[in-house]
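Numbers restart at 1 for each chain; the letters A, B, ... are given by sequence-line order, proteins then strands.
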2 protein chains.
Amino acid sequence: MAKKEKSDYLIQAVSHALDLLEQFHDEIDELGVTELSKRLKLHKNNVFRLLATLESRGYIEQNRVTENYRLGLKTLELGQTFIRQMGLLRQSKPVLEALVKECNETTYVAILKELNIIYLDAVETDMTVRVVPRVGSRLPAYCTAAGKVQIAYMSDEELENYLPTKELKRYTNSTVTDRDVLKKQLKVIAEQGYAIDNEELDIGVKCVGAPIRDYTRRIIGAVSISGPSMRFTDDRVEKELIPLVMKAAEEISSKLGFQK
Amino acid sequence: MAKKEKSDYLIQAVSHALDLLEQFHDEIDELGVTELSKRLKLHKNNVFRLLATLESRGYIEQNRVTENYRLGLKTLELGQTFIRQMGLLRQSKPVLEALVKECNETTYVAILKELNIIYLDAVETDMTVRVVPRVGSRLPAYCTAAGKVQIAYMSDEELENYLPTKELKRYTNSTVTDRDVLKKQLKVIAEQGYAIDNEELDIGVKCVGAPIRDYTRRIIGAVSISGPSMRFTDDRVEKELIPLVMKAAEEISSKLGFQK
DNA sequence: TCAACATGTTGTACATAGCGCAACATCTTC
DNA sequence: GAAGATGTTGCGCTATGTACAACATGTTGA
């Protein structure tokens with residue numbers, strides 16, 4: 001007997017509270033009761049009570065001057081708890097930091113979630129021209145190095161479920177939009193153990209990435225190096241960056257219990 | 001007419017959801033429905049529905065093998081949103097990083113919340129022996145440098161409300177436990193514009209700290225340098241670390257609109 | 001192998017807590 | 001001063017959250 005969808009069990013009041021927390025994003029850092037009421041399509045009194053509850057627990061704070069509300073410190077604490085408890089993040093940070101020192105480019109660790117990769121952590125170079133990281137952001141897996149090394153090991157069937165259309169969305173002139181062409185490249189990537197993003201997502205940005213495995217031998221994420229194309233010459237990528245990113249991936253994998 | 005306590009408006013279901021999220025802390029990274037039910041004193045069915053709601057939004061994930069639940073990625077995203085929106089964090093990070101390069105010790109930015117300071121951000125040195133930062137943790141303000149520079153500018157009345165007992169809790173042999181003695185020291189700190197923690201909280205750990213102000217001229221936080229006592233000689237503290245931490249505080253304050 | 005026990009998941013009725021409606025207190029603008 | 005905006009307060013009603021119970025499945029021990 002198949003399990004019932006958990007969506008049948010949702011608690012509406014809790015959903016509303018989460019909706020409210022999610023109204024603070026991008027440049028929207030403070031909001032009033034009335035604006036939140038409009039956005040959430042809830043009565044002001046309801047919004048006020050949600051805010052009161054979240055505020056009493058530190059997830060929301062009120063600016064006493066403007067009377068507007070914003071996210072509270074407890075959201076940071078909760079996020080830090082997640083970080084502490086996630087082994088991949090804990091173990092990869094020192095490796096990312098060392099990697100930045102070696103190649104002087106921005107480094108990331110990323111995981112695959114549905115059709116996207118999500119950057120879990122980043123360490124930035126202090127070069128004047130650099131890729132600026134955005135931890136937490138979601139990017140399409142098929143045109144990023146970190147994503148490609150994670151989908152490269154999927155079966156044909158999985159890949160076709162994963163990318164259901166033969167035509168993929170284009171981001172730049174370099175984006176591979178033909179699924180069959182991408183599948184051939186992924187086979188090569190799986191053999192090589194690394195991937196390159198040649199401006200497939202962003203013009204002027206290149207990445208190299210390698211997969212991270214844990215004690216179960218499964219791929220659980222990827223480490224990548226990202227930077228401006230002008231510094232990612234073919235020679236440098238081949239001779240310096242690929243060896244570095246593969247070594248970093250091996251090191252993190254080893255820390256997570258992966259044995260060759 | 002005084003405003004009514006917001007606690008009269010709390011939504012119980014939302015409180016329960018937050019209680020649940022807060023069960024994951026320290027070493028407790030996965031929990032089952034039954035254990036959560038015991039901890040929260042709620043029926044299993046209630047806990048299951050809370051979990052279902054939080055899981056449907058990504059704040060909780062289920063381990064398919066153990067069937068246990070853990071924090072989800074959305075908690076990280078929410079925490080990252082907080083970071084992006086908080087000007088103090090954004091503006092202080094590069095200063096912390098530069099400071100680490102100058103003194104090769106761990107640097108922090110911290111704010112005052114109730115009786116404690118909370119470390120908002122840290123940048124670690126790569127010295128083998130170092131202070132290991134714990135972002136998000138709360139420490140008593142009166143025996144940390146970052147705390148002392150924030151309470152030093154309070155009035156006598158505020159301080160007595162702030163520290164209601166004449167006898168303060170001891171953490172080490174060096175902890176100042178007499179409130180009147182501490183008040184005298186705080187007066188000196190307010191004049192100097194910096195504070196030193198001489199193993200008052202942790203044996204073998206010393207800190208120096210200086211206050212951060214914003215455009216309102218109020219103190220909104222502190223920057224500090226922390227390290228093993230063996231490297232924090234009196235001479236080094238005086239000649240190197242105090243000037244560095246004060247300069248860093250000035251720099252961050254300036255970025256936040258503070259004008260002398 | 002089977003019974004006991006543990007777990008997470010499913011189902012349902014009812015009472016109370018969440019929601020909706022409205023008013024109030026305060027501030028700002030014209 | 002009136003109008004309009006805001007956040008906050010109050011209260012009644014009903015829909016939703018809670019409580020109770022059962023089910024499906026896996027594990028353990030005799």
Side-chain angles (χ1 to χ4, degrees), chain A residues 1-24 28-72 216, chain B residues 1-24 28-72 216:
Chain A
M1 174 159 157
K3 289 187 179 182
K4 232 180 147 175
E5 283 291 340
K6 281 186 187 175
S7 51
D8 283 352
Y9 301 106
L10 302 196
I11 294 178
Q12 184 179 251
V14 176
S15 276
H16 288 154
L18 300 174
D19 287 336
L20 190 149
L21 288 173
E22 288 167 24
Q23 295 304 310
F24 301 94
I28 303 159
D29 62 349
E30 288 199 353
L31 289 165
V33 174
T34 306
E35 178 64 28
L36 281 164
S37 172
K38 279 188 210 136
R39 285 165 172 268
L40 297 171
K41 297 182 168 64
L42 295 173
H43 278 268
K44 282 201 291 178
N45 173 263
N46 251 9
V47 170
F48 183 76
R49 291 186 66 196
L50 288 169
L51 286 165
T53 308
L54 292 165
E55 190 184 356
S56 76
R57 305 293 290 264
Y59 293 89
I60 288 279
E61 295 172 355
Q62 187 176 28
N63 181 331
R64 262 169 300 173
V65 179
T66 63
E67 292 195 314
N68 284 342
Y69 292 85
R70 64 190 174 223
L71 288 183
T216 64
Chain B
M1 173 159 155
K3 290 187 179 182
K4 228 180 149 178
E5 284 289 342
K6 280 184 185 174
S7 52
D8 284 353
Y9 302 105
L10 302 195
I11 295 176
Q12 184 179 246
V14 175
S15 277
H16 288 155
L18 299 175
D19 287 337
L20 189 148
L21 288 173
E22 288 165 25
Q23 295 306 308
F24 301 94
I28 302 160
D29 62 350
E30 290 200 353
L31 288 164
V33 174
T34 307
E35 178 63 27
L36 282 164
S37 172
K38 280 189 209 134
R39 286 165 170 270
L40 298 170
K41 297 184 168 60
L42 295 174
H43 280 269
K44 283 202 291 182
N45 172 264
N46 250 10
V47 170
F48 182 77
R49 291 187 65 196
L50 288 168
L51 286 165
T53 309
L54 292 164
E55 190 184 355
S56 76
R57 307 291 292 261
Y59 293 89
I60 288 280
E61 295 172 354
Q62 188 176 25
N63 181 331
R64 262 169 301 174
V65 178
T66 63
E67 292 194 314
N68 284 341
Y69 292 86
R70 62 186 176 229
L71 289 182
T216 66

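A donor-acceptor contact under 3.5 Å links the side chain of N45(A) to the base of dT9(D).
For the pair Q62(B) and dG8(C), the criterion of a side-chain N or O lying under 4.0 Å from OP1 or OP2 is not met. Here Y9(A) reaches the OP1 or OP2 of dT10(C): one of its side-chain N or O atoms lies under 4.0 Å away. The phosphate of dG7(D) (OP1 or OP2) has a side-chain N or O of T34(A) nearer than 4.0 angstrom. Between dT18(D) and H43(B), no contact under 4.0 Å exists linking OP1 or OP2 to a side-chain N or O. Close to dT18(D), at under 4.0 Å from its OP1 or OP2, lies no side-chain N or O of R49(B). Contact between the side-chain N/O atoms of Y69(A) and the OP1/OP2 oxygens of dT8(D) is found at a separation under 4.0 Å.
Residue whose closest nucleotide on DNA chain C sits further toward the 5' end, between Q12(A) and K38(B): K38(B). Between L51(A) and A13(B), the residue anchored nearer the 5' end of DNA chain D, judged by the nucleotide with its closest heavy atom, is L51(A).
D8(B) has its CG atom 14 Å from the P atom of dG18(C), to the nearest Å. At whole-Å resolution of the value, CD in E55(B) and P in dT9(C) are 8 Å apart. Rounded to an integer number of Å, the gap from N46(A) CG to dG17(D) P is 11 Å. Taking atom CZ of residue F48(B) and atom C1' of nucleotide dT25(D), one finds them 14 Å apart after rounding to whole Å. If you take CG of L50(B) and C1' of dT18(D), they are 10 Å apart, rounded to a whole angstrom. Rounded to an integer number of Å, the gap from K44(B) NZ to dT10(C) C1' is 12 Å. Remark: P of dT10(C) and CD of E67(B) are 11 Å apart, rounded to the nearest angstrom. To the nearest angstrom, P of dC27(C) lies 16 Å from CG of N68(A).
A salt bridge does not link R39(B) to D19(B): none of the charged nitrogens lies less than 4.0 Å from a carboxylate oxygen.
Each of E61(B), E35(B), Q62(B) was compared with Y69(B) under the side chain to side chain donor-acceptor pair (under 3.5 Å) criterion, and only Q62(B) meets it. With L20(A) as reference, L50(A) is the one residue of L50(A), L31(A), L42(A) to meet the side-chain contact (heavy atoms from CB on, under 4.5 Å) rule.
Counting heavy atoms from C-beta outward, H16(B) and L40(B) have side chains that stay 4.5 Å or more apart.
In this structure, CG on N46(A) lies 6.0 Å from CD1 on I11(B), to the nearest 0.5 angstrom.
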